[in-house]
Each structure stands twice: as structure tokens, then as C-alpha cells.
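In each ligand, atom 1 is the first atom listed, and ligand 1 is the first ligand listed.
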Amino acid sequence: MSRTAAIIGGGVIGGGWLARFLLNGWDVKLYDPDPDAARKIAAVLSNARHALPMLYESRLPAEGRLDICDTLAEAVAGADWVQESAPERLDLKHRILSDITTHAASGAIIGSSTSGFTPSDLQSGVDWPERIIVAHPFNPVYLLPLVELVGSKDNAADVIEQASAILVSLGMFPLQVRGEIDAHIADRLLEAVWREALWLVHDGVATTQEIDDAIRYGFGLRWAQMGLFETYRIAGGEAGMKHFIEQFGPALKWPWTKLTDVPELTDDLVATIASQSDAQSGRLTINELERLRDHNLVAMMRALKGQDSAAGRILNRHQKQIAAPTAFTPGNPVETVSRVIPIDWTDYNGHMNESRYGQVFSDAADAVMVMIGADETYVASGQSFFTVETKTAFLDETIAGDPIRVETVVMEAAGKKLRLRHRMLDANGGALASCDQLLIHVSLKTRRSSPPAPQVEARMRELAAGHADLARQAE
Ligand SMILES: NC(=O)C1=CN([C@@H]2O[C@H](COP(=O)(O)OP(=O)(O)OC[C@H]3O[C@@H](n4cnc5c(N)ncnc54)[C@H](O)[C@@H]3O)[C@@H](O)[C@H]2O)C=CC1
Ligand SMILES: C[N+](C)(C)CC(=O)CC(=O)[O-]
């Protein structure tokens, strides 16, 4: 069943939301009075289409349909989720939210991307406040999982739970904020660091680049995977958090920081920051910086996937939700892999490294194993397949962002032996590589070959019979 999101305001954040919904199969309707909105959205979508699919080991759902609407009423009519992402001005948000509640369906969830206002701020003066919540995301919304969800006493009882379930289905991490507070949790923290950084530039202690280096080469990496408290717990050594606070707590009374104060943003200070920032990053356009940021995020988040930890855990959960089961039709090769080449598979030649072809064919064999019933549970019971031989022909290059698929033919399935032929194809069906692979059924207890369980062997034979003609043609 297709679902529809209405995006009201298609700037940096609305554009990111639009891409997140659309690339997860939702239909999206956009309203933005800016005559240049379509061009801006196309630019965000181009980045999102490049980066988001690289996070996954299978294709995302088919993209939904995008409509750019002339009026807000047209955009919100019939939408399941309306996301307001207009400029951060309360009077404007009140006007827009009143319009939304006039035209939206009564069951729609109405999220606001506001960085600072509380749900009560937003709801006051609006006729129909019970479905308005804060859903505060992080830029780029199409990649970063966090959304702060905040409700008020005027919300319908189940709206936050409903919103949470939808955000999870989009691959996000909804963090339910317990109480209403200006700037929620994350922006409070970000603003504290931002104030300190402004003072450091103002006082001539550090340039914009030195401050960024201090973050990205040190605690920024720690924060990305553990946050603050877990990191400091470790910093307390074996004695843990208590020792850490005893040791560093007193420093909080020393005047290290200027958190309660902020330098006046004079023309001089703004010019200093702008020129330092130009010197630091001016060699790249904003679009190039966005690409660099997206590639770095994809590479880091994919690394965390291997650990099933932090943002990687959210990705693995979403991966399970979107992975389509492998289907078998006798007489046709099985599509065992359908995915996009991720940035971290690129080597110094600027194309997918040869070792990753092996990864793709290994994933294709795993898909066949699942089809014949040699799945996770079977492996946990102590039985599996080992590859004993592969022969790969590398036929063409492929680069990060390219969609690929693998077609597999079961050439032989007899007793312990499973012989597969894989063909890796590009989006136009052009051959990228082929691989002949011989697998042997093993007992994981003895680490020796062993006969498969009867139900697995029966399924192997069924697949081989269904592929008999294809196998003859391929020999
Ligand atoms: N930029 C950021 O890093 C983040 C911003 N936010 C929040 O997201 C919201 C939007 O911020 P940005 O996307 O950065 O701003 P933006 O300036 O990039 O985009 C705002 C968009 O709203 C459109 N707009 C203006 N009046 C409108 C109206 N009456 N109806 C519909 N659209 C209208 C503008 O044409 C523009 O395209 C703000 O509430 C902000 O606090 C949240 C997270 C991060
Ligand atoms: C600067 N900001 C307050 C708009 C930032 C955010 O709201 C979240 C983000 O993406 O950094």
C-alpha cells in the first residue's frame, strides 16, 4: 500500500526529508513558494540517490512518485505524514501549521523540523493541535538516523508511538524527548560547543580549521560511536564514571568555558570567521563538500554496520526490513544480489577493487544457501557450506554508486556438492564479471565434508532440476 508524505518547505532540511521518504518508497508532495524550489530539490535528490543506497547490501524499495504542488492545500490533502520545514520563525510556522490543520486528513501526523521551538510553542493558537509534534532531524536527513521526537500534553495519546514506528520503517532512530525544552537535547549540546567555538575564534585562540581539526581527529570520532557518557565512563579507567567525576568534576568550577556568555557577532568577528572558513574549505564548492561529507558518513556508518553497533545497528535493522526474499522460477536464473556499489569498495584505481567482486559472489552464494534452507538457523545447528574453488573473470569496471545485480544458475547439486555460476551485470544488463563457484557441504563440528540434511538436499535437487537447461547452455 503506497503512503504519502507532504513536505512543506523544501530547503536544506525539507529536501533531506523529501529524499528520505521518496527513496524509501513513499509518494511525496512538496509545497514551497520559492520559484527555484524544483531545482534545489533536484540537487538534494541527486546527492541522496548517490549516497543512501550505498549504505545497504540490497536495493532500496522502488522510489515513490514526486509531485511539486502549487498550493499547500493540494500538497497536504490525503497525506499520511506532513513535515513542516519552513524557516525558523514562530509567526510563520503558526500560519503554516494552521493551514496544514485546515486541509490535512484527520489521522495525519504533522511533524515540525524546528530546531528550537517546543510543541506547545507551535500548537498555541492552532485550532487542531493534537497531531502536531516536533520531529527534529539532522542534516543530511537522508543519511543520519537521529530524529528527536517531542510531544506535548495536548497531543493525541498514540501520535508519538505512530510517528516512531514510521520513522523506524524509514531507517531512522526516533529519540523520544521526555519533556518539552527549547532546542530539545541535541541542539542544546551543539549550541554549547558552538558558543565556545565562537569565543575561541573571537579571542584569537584558534582558527576555524584548528577547531575543526580538534573535533574531527579526536573526540568527534569518539562521539560518533559512543556519545559522551559512555566515553567518559571509559576515561575513568577501571574505577569508572565515579572516579572520572571525582577527578574532573572540580574543573567545572574553574573558568574553562564561557558557556553563559557569547561574543557579540560584530561585523569584524563575522568577517574573520568567514575568511578563515574560505581559507579552510573554499577550494571546494558546497556541492563538493556535501559529496565529501556524504562519502565520509557512508564509509563510517558502513564500518559500524560490521560491528552491529551505534548507527550501524540502525542500518542493520533497516537492512532486514527492506531486503526482498530471493525468488526462484524454474528456467530462469535467480537474482541473488541487487545493490549499489558503496564508496568504501573503491580502490586507488578509482573503481571497485577486485576483492569486492569476491564479496559480491560470496553474497550471491549466501542467497542461494538461504533459498535451499541452509539459513542462519541451519548454520547455528552446526551445518554449512564452504567454498572450495572459485574462478572469476573480470570483464568490466564498476564504480561507487553504480547499481549492479547478480544472476545465478545452479549448475550441479549432488550430494555434498553445490556448483554455481554467477554473472554480475550492470544496470543495462552488460556483463561486469562471471564466477564459477564450487561449494561443499560441511559439518561445523568436524570441519569436514558431510551430507546435507535431507530437506536441504531435496531443495538443492529441485533448484538444479529447474536450472538443468540453463546449466546445459552455460557449459
Ligand atoms: N539547516 C539545518 O541544519 C537544520 C534546520 N532545521 C530546521 O528545519 C527548518 C527549515 O530549515 P532549513 O531547511 O535549514 O531552512 P531553508 O532556508 O534551507 O529552507 C526553508 C524553506 O522554506 C521555504 N518557505 C518559506 N516560506 C514558506 C511557506 N510559507 N510555506 C512553505 N515553505 C516556505 C523556503 O522557500 C525554503 O525553501 C527550520 O525550522 C530549522 O530550524 C532542523 C535541523 C537542522
Ligand atoms: C544549527 N541547527 C540548530 C539548525 C542545527 C540543527 O538543528 C541540527 C543539525 O543538523 O545540526
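Inclusion of S115 in the set of residues having an N or O under 3.5 Å from an N or O of ligand 1 is warranted. Remark: ligand 1 and D34 share no N or O pair separated by less than 3.5 Å (distance only, no angle test). Taking distance alone, with nitrogen or oxygen atoms compared against 3.5 Å, E88 approaches ligand 1 more closely than that limit.
Between P137, S113, A86, it is A86 that holds the heavy atom closest to atom 38 (C) of ligand 1. Remark: among candidates S85, P140, G9, the nearest residue to atom 20 (C) of ligand 1 is S85, based on non-hydrogen atoms. The option with the heavy atom closest to atom 4 (C) of ligand 2, from among S115, P137, A186, is S115. Distances from atom 1 (N) of ligand 1 to the heavy atoms of L30, I13, I7, N139 put I13 nearest. Of the candidates G11, A186, G16, P87, it is P87 that places a heavy atom closest to atom 22 (O) of ligand 1.
In the vicinity of K93, heavy-atom distances shorter than 4.0 Å reach the ligand 1 atoms 38 (C), 39 (O). Of all the atoms in ligand 1, the ones that sit under 4.0 Å from a non-hydrogen atom of Y31 are 30 (N), 31 (C). Atoms of ligand 2 found under 4.0 Å from any heavy atom of D187 (numbered from 1 in listed order, with element): 3 (C), 5 (C), 6 (C), 7 (O), 8 (C). Residue-ligand proximity, L190 to ligand 2, at heavy-atom distances under 4.0 Å covers atoms 11 (O).
Taking a distance limit of 4.0 Å, we find that atom 15 (O) of ligand 1 is approached by no protein heavy atom. Distance check on atom 1 (C) of ligand 2: every protein heavy atom falls at or beyond the 4.0 Å cut-off.
Looking at I109 and V82, their side chains never come closer than 4.5 Å, going by heavy atoms from C-beta outward.
Using a 4.0 Å cut-off between heavy atoms, H136 contacts ligand 2 through its side chain alone, with no backbone atom that close.
Ring geometry for Y232 against F244 counts as parallel: the plane angle stays under 30°, on a 0 to 90° scale with 60° as the upper cut.
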For this session: May I have the step-by-step check of side-chain hydrogen bond (donor to acceptor under 3.5 Å, both in side chains) for N155 and E130, ending in yes or no?
Result: CA-CA 4 Å; N155 278 125; E130 55 272 34; over 6 Å; no
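For the residue pair S309 and Q225, no side-chain donor N or O sits within less than 3.5 Å of a side-chain acceptor on the partner.
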